[in-house]
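Working notes, structure below.
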Amino acid sequence: MPKTTKKSDTTLLGEKSGLYKLYETDQVITWCAGCGNYGIQNALKRALTLENFDIKDVLFVFDIGCNGNGSDKIGGYTFHGLHGRTIPAASGASLANPKLKVISSGGDGASMSEGINHLVHAVRSNYPMMFIHHNNLNYALTTGQASATTKRGFPMNSSPDGVIIDPINPTEFVLNLNPTFVARSFSGDIKHMTKIMRQALKHKGFAYVEILQVCPTYNKATPQKWYLDRVKYLEDLKEYKPNNLEKAKKYSHDMENEIYLGVFYKDEKQPNFYERLEYRKNLQTSPVEEVQAYPIKELLKEFT
Ligand code: SF4
């Protein structure tokens, strides 16, 4: 059972609370009461603060969806892109300016259907970024249609007689793509999410973090208590080490009875995409710094 946080976040962060406050905004929150997005964004701010990331060094790239509505609820540079396309935008930004810490967020609707191809190629490319996968088992922003992670048999607004196809298990899916960092956490456990995100932020390649997110408004299949009764922690297993893909797949498989959370797998030795660019080796500058004004006056003469 997850331990709950008693003190306020800024109190717990001590002298770092000033940095935490920079990530806060005064925008009106539009998420429903009890939505898992509150805890996820809180954990993200805490993780960034504890890892000493200044807001000027971070870019948040949001997808369309309820998670995407968090784009103006966090201080700093944000980009709110098209549905299913958060990863391409984030990887482009990350490669253009590798000094930025790029954090991309997407839901199960966007990233297990329209954008699943981008997720596959981001994993195999090992782009330097963290991806937070909000898995609330439905298309919530459009009022509760079934997604690729909705439980089979469960009625949704788009399938009142129950979903007839099996769901994808996102963590297990990514573990089959030869990844370098895969973790899972739960929106009802801010401390655990913070711990996982801190590790993901330190990873130099593509850090995949699935968050099992409650959506009390549209996902009645897996409410908070359902998860609380089932989640287990890999870190409580003395023999578990996140260096064995086959073992990771085994522990990630069960999504009904014992749902494991934690870092399933990490490989810090693999070079990320940027490091594989031979022609950039030993260069001290980034592409952003190398952009030059291009004289187009001559080219335009033809049209004047
Ligand atoms: Fe959160 Fe669900 Fe409400 Fe969207 S619909 S804000 S995911 S509770």
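FYI, side chains are in, hydrogens and waters are out, and symmetry mates aren't considered; it's all heavy atoms of this structure. Each ligand, and each atom within it, is numbered from 1 in the order the structure gives.
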Which atoms of ligand 1 have any heavy atom of Y218 under 4.0 Å away? 5 (S)
I need the nearest protein heavy-atom contact for atom 4 (Fe) of ligand 1: residue, atom name and distance, please. C66 SG, 2.3 Å
Does ligand 1 have an atom that lies less than 4.0 angstrom from a heavy atom of Q213? yes
Which of parallel (below 30°), tilted (30 to 60°) and perpendicular (above 60°) describes H133 and Y208? perpendicular
So, R280 and E290, do they make that salt bridge, N to O below 4.0 Å? yes
Distance from atom 2 (Fe) of ligand 1 to nearest protein heavy atom, with residue and atom: C215 SG, 2.3 Å
At less than 4.0 angstrom from any non-hydrogen atom of W31, what atoms of ligand 1 do you find? 6 (S)
Checking E275 against K281 for the salt bridge (Lys or Arg N to Asp or Glu O under 4.0 Å) test, could you report, in this order, the C-alpha distance in whole Å, the side-chain angles of both residues, the deciding distance, and whether it holds? CA-CA 7 Å; E275 291 167 336; K281 278 199 174 139; over 6 Å; no
Measure the distance from atom 6 (S) of ligand 1 to every protein heavy atom, then report the residue, atom name and distance (to 0.1 Å) of the closest one. C32 N, 3.5 Å
Are the side chain of N243 and the backbone of D267 linked by a donor-acceptor contact shorter than 3.5 Å? no
Closest non-hydrogen contact found for I103 with L201 is CD1-CD2, 3.9 Å
Do you see an N/O/S atom of C35, backbone or side chain, under 2.8 Å from atom 2 (Fe) of ligand 1? no
Thinking salt bridges, do E246 and K249 make one under a 4.0 Å N-O criterion? yes
Quick one: look at N136 and ligand 1, take heavy-atom pairs under 4.0 Å, and tell me if it's side chain, backbone, both or neither. side chain
T171 versus V182: any side-chain heavy-atom pair under 4.5 Å? yes
Only heavy atoms of A140, strictly under 4.0 Å: list the atoms of ligand 1 that pass. 2 (Fe), 4 (Fe), 5 (S), 7 (S)
